[in-house]
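Worksheet: one structure, shown below.
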Amino acid sequence: MTVDVDTAMAEVLKVPSEPIRLRIVLLLSAEELCVCHLVEELGVPQPLVSHHLRVLREADLVGTQKWRYWTYYRLRPEKLETVAASLGATALAASRSGTERRPCC
């Protein structure tokens, strides 16, 4: 991996690592929800939910869709799939590497 790819993947992993954002991601993996649903599910104030949704949107992990008067939020799985594939490949390579050691200087 290059430094740019590593940095991009670290940024994507950092965003949902915050507990409320992770819970939002998990909730949105099942269905589209509006802020009022998330406030109810999370048991936190609406401004806090809106803040975390903004961070997730800026990271392109969550998209929006207007329906009547409400804005519904949905997970954008393609970004998570890329990171998951990269982490999966890393785990597979580590499991195949055995007990190889690089000689010291």
Side-chain angles (χ1 to χ4, degrees):
M1 276 192 238
T2 66
V3 174
D4 290 340
V5 172
D6 291 344
T7 302
M9 189 162 65
E11 285 300 314
V12 171
L13 289 170
K14 182 172 67 172
V15 170
S17 69
E18 195 284 329
I20 292 176
R21 288 195 287 265
L22 178 59
R23 185 76 177 121
I24 291 171
V25 167
L26 295 173
L27 289 167
L28 292 178
S29 69
E31 61 184 323
E32 293 182 3
L33 299 168
C34 69
V35 171
C36 62
H37 296 129
L38 291 167
V39 167
E40 183 178 314
E41 288 284 335
L42 298 168
V44 297
Q46 182 271 324
L48 184 59
V49 171
S50 293
H51 161 74
H52 288 299
L53 285 169
R54 181 182 52 79
V55 173
L56 288 164
R57 279 192 330 266
E58 287 173 355
D60 204 26
L61 294 173
V62 169
T64 61
Q65 184 174 10
K66 297 280 187 183
W67 187 72
R68 296 186 181 171
Y69 300 108
W70 301 278
T71 300
Y72 275 78
Y73 295 85
R74 58 182 144 70
L75 195 60
R76 298 194 48 163
E78 58 276 359
K79 193 128 183 190
L80 290 174
E81 288 169 355
T82 301
V83 173
S86 181
L87 289 174
T90 301
L92 184 60
S95 70
R96 290 182 178 165
S97 69
T99 58
E100 301 276 328
R101 286 195 184 109
R102 182 184 291 191
C104 291
C105 305

Rounded to the nearest 0.5 Å, how far apart are [atom1] of [X] and [atom2] of [Y]?
X	Y	atom1	atom2	value
L56	T64	CG	OG1	12.5 Å
I24	E18	CD1	CD	8.0 Å
L61	E78	CG	CD	9.5 Å
C36	E41	SG	CD	11.0 Å

Under the side-chain contact (heavy atoms from CB on, under 4.5 Å) criterion, do V35 and Y73 qualify, and how do the steps go? CA-CA 8 Å; V35 171; Y73 295 85; 3.6 Å; yes
Does H37 use its side chain to pair, donor to acceptor, with the backbone of C34 at less than 3.5 Å? yes
If only atom types and distance count, is the side chain of S17 paired as donor or acceptor with the main-chain N or O of K14 below 3.5 Å?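 Yes, because the side chain of S17 sits within donor-acceptor range (under 3.5 Å) of the backbone of K14.
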Is E32 atom CD crowded by more than 12 heavy atoms from other residues, nucleotides or ligands, each under 6.0 Å away?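 More than 12 within 6.0 Å, yes.
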Can [Y] be reached from [X] by stepping across I, L, V, M, F, W or Y side chains whose heavy atoms are under 4.5 Å apart?
X	Y	result
L80	L26	no
L22	L38	no
W70	L27	no

I need the minimum non-hydrogen distance between V25 and P16, along with the two atoms involved. CG2-CB, 4.2 Å
Here the pair of heavy atoms bringing V39 nearest to Q46 is CG2-CA, 3.5 Å
Going by the angle between their ring planes, with limits at 30° and 60°, are W67 and Y72 parallel, tilted or perpendicular? perpendicular
Would you sort out whether E81 and R76 count as a side-chain contact (heavy atoms from CB on, under 4.5 Å), showing the intermediate values? CA-CA 9 Å; E81 288 169 355; R76 298 194 48 163; over 6 Å; no
